[in-house]
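Residues: numbered from 1 along the sequence shown. When reading the values below, keep in mind they use all heavy atoms of this one structure, side chains included, and skip hydrogens, waters and symmetry mates. We count ligands from 1, going down the list as the structure has it; atoms in each ligand are counted the same way.
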Amino acid sequence: MSNYDYDLFVIGAGSGGVRAARLAAGLGKKVAVAEEYRAGGTCVIRGCVPKKYLVYGAEFGKALKEASGYGWSIKGAKFDWASLRDEIQTEVSRLSAIYEGVLERNGADFFSERAEFTGPHSLRLMKSGREITAKHILIATGGTPFVPEMPGKEYAITSDEAFLLDTLPERVMVIGGGYIASEFAGIFAGLGAKTTQVYRGDKLLRGFDEEVREAVGAGQIRNGIDVKFGQSPVSIKKIGNGFKVTFEDGFQAGTDLIMMATGRLPNTQGLGLEKAGVKSDEKGAVIVNAQSKSNVGHIYAVGDVTNRVNLTPVAIREGMAFVETVYKNNPTAYDHSDIPSAVFTMPPVGTVGLSEAQARAKYRTIKVYKTDFRPMKNLLSGSEHRCFMKLITTGKREKVIGVHIVGDYAGEIIQAVGIAVKAGLTKAQFDATCAVHPTLAEELVTL
Ligand code: NDP
């Protein structure tokens, strides 16, 4: 008989936490999950899911504009922000309820309140004040938006609030050049707002392949986004119903909405890590080993709170590996290499493996194959968007170590290509695969 209230207590009902809790409960463990906001976490509530719906919404706008090239005449088309926002929130609520239901069906207790550590094996539920003990504790509290200090920063929203806006403003300024900034600039522009994206660097999406970064920047501009490079805001002032943003070089610009997409931080503030003796790094990320174990042997952490690879499917795999390690006597480290991912700009990015710069730094010999073309669909639609593809190989056998796509369906294509890269296939094996014609993806086997 255990002396603890629970075998496992999970803090945070996001993708990683719920998967681990469900699997552990399914193995007969006594499990509880605490969530301070809504079950589903960032991905379901204010991330991947509602974001993708907004991207779909923006893509309809683009399709309407381009439809005349295909013989359609559409008059009087109008966009209603409130209607899309509410439809998305209904779907988000449905999914959140499913997350809670999954836990309950598997026999886990769900506490709809914040939990904080009071000791290495104990937590307090902050609404009820109840103290709970657990043999193992899994920290899966995700991340939270980071907004740099500056006068007037309280006037800016983050992606958390973007989903719930009362109205779609006429002018929007998105600050940042990363995933969230680039995706939301595309969304706002696609839905009809006059959009500016301001980035302190000289190419969007730092860390991606350089040519991908250039192609994404060009795509944003083709979508009518006013992209300003080499600028960082230093202050925000409220002027009437809008705002005035001042930048480092003194440049000033007016807008109706400012969205800061300046990164995310691990969500550990006030969690009481110190009371449990759990170590975190300078950003607040829980420091874990390859099996997601913290410096305290019975406390683990998965997902964005560890700030490794901050993607939903990675958090899920880490949660699954935790269950293998702790409850199946099978120490499992999730392999973080060759993770395919997408950025849902318009057109989107799909990427897996090394960028050209990373490949050059790691291998003595690499070969790069690339193509840049105007997709067939755009010839009739009149869209100026292009498709860029790059395939990087190494060694005599020409093992494929990186594939990068900026073009329609890139997110879908890269999932399948990811299998080939993960399997270590060679360029010859790509070439031996028959093309599917006419598609964008066929270029990958004819490069
Ligand atoms: P990113 O780290 O991708 O981007 C943050 C951006 O903010 C960078 O362009 C950064 O500039 C800029 N920035 C940071 N600090 C400042 C500052 N003080 N002043 C001005 N600019 C600043 O973070 P995101 O929040 O966009 O995304 C967080 C994570 O969420 C991603 O890394 C990704 O893992 C995940 N995500 C994944 C998505 C997907 O898979 N499609 C979608 C959305 C998020 P610089 O480059 O110079 O540092």
Flag yes if more than 12 heavy atoms outside [X] fall under 6.0 Å of its [atom1] atom; otherwise flag no.
{"X": "Lys399", "atom1": "NZ", "result": "no"}
{"X": "Asn241", "atom1": "CG", "result": "no"}
{"X": "Arg317", "atom1": "CZ", "result": "no"}

Please verify the inter-ring angle class for Phe247 with Phe251; under 30° counts as parallel, over 60° as perpendicular, anything in between as tilted.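 Taking Phe251 first and then Phe247, their aromatic rings sit tilted (interplane angle of 30° to 60°).
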Listed once per pair and sorted, the side-chain hydrogen bond (donor to acceptor under 3.5 Å, both in side chains) pairs that draw on residues 266-293, sequence neighbours left out: Ser292-Arg308
For Arg264, the ligand 1 atoms with a heavy-atom partner under 4.0 Å come out as 25 (O), 28 (C)
Proximal atoms of ligand 1 relative to Lys51 (non-hydrogen, under 4.0 Å): 41 (N), 42 (C)
Is the ring centre of Phe163 less than 6.0 Å from the ring centre of Phe184?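 Yes, the ring centres sit under 6.0 Å apart.
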Among Lys203, Lys370, Lys390, Arg360, exactly one meets salt bridge (Lys or Arg N to Asp or Glu O under 4.0 Å) together with Glu210. Which residue is that? Lys203
Please list all pairs passing the ring pair (Phe, Tyr, Trp, His ring centres under 6.0 Å) test where one or both residues lie in residues 204-236, with sequence neighbours left out.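 Ring pair (Phe, Tyr, Trp, His ring centres under 6.0 Å) check on residues 204-236 returns Tyr179-Phe208.
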Taking distance alone, with no angle check, do [X] and ligand 1 share an N/O pair under 3.5 Å?
{"X": "Gly201", "answer": "no"}
{"X": "Gly176", "answer": "no"}
{"X": "Phe344", "answer": "no"}

Quick one: look at [X] and ligand 1, take heavy-atom pairs under 4.0 Å, and tell me if it's side chain, backbone, both or neither.
{"X": "Ala261", "result": "backbone"}
{"X": "Ala342", "result": "backbone"}
{"X": "Leu205", "result": "neither"}

For [atom], what's the nearest protein heavy-atom neighbour? Residue, atom name and distance, please.
{"atom": "atom 38 (C) of ligand 1", "result": "Tyr179 CD2, 3.1 Å"}
{"atom": "atom 7 (O) of ligand 1", "result": "Thr262 CA, 3.1 Å"}
{"atom": "atom 26 (O) of ligand 1", "result": "Ile180 N, 2.8 Å"}
{"atom": "atom 34 (O) of ligand 1", "result": "Asn310 O, 2.9 Å"}
{"atom": "atom 4 (O) of ligand 1", "result": "Gly178 CA, 3.4 Å"}
{"atom": "atom 48 (O) of ligand 1", "result": "Arg206 NH2, 2.6 Å"}
{"atom": "atom 10 (C) of ligand 1", "result": "Arg200 NH2, 4.0 Å"}
{"atom": "atom 9 (O) of ligand 1", "result": "Gly177 N, 2.8 Å"}

Cation-pi, Phe344 ring and Lys52 (6.0 angstrom, 45 degrees):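 Yes; both conditions hold, so Lys52 lies above the ring face of Phe344.
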Tell me whether the guanidinium CZ or amine NZ of Lys427 lies under 6.0 angstrom from the six-membered ring centre of Tyr369 and within 45° of its axis.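 Here Lys427 passes the 6.0 Å and 45° test against Tyr369.
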Between Arg386 and Asp372, does any NZ, NE, NH1 or NH2 come within less than 4.0 Å of an OD or OE carboxylate oxygen?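 Judged by the 4.0 Å cut-off on N to carboxylate O distance, Asp372 and Arg386 do form a salt bridge.
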Taking atom 20 (C) of ligand 1 as the point of reference, which of Pro148, Ala181, Ser232 owns the nearest heavy atom? Ser232
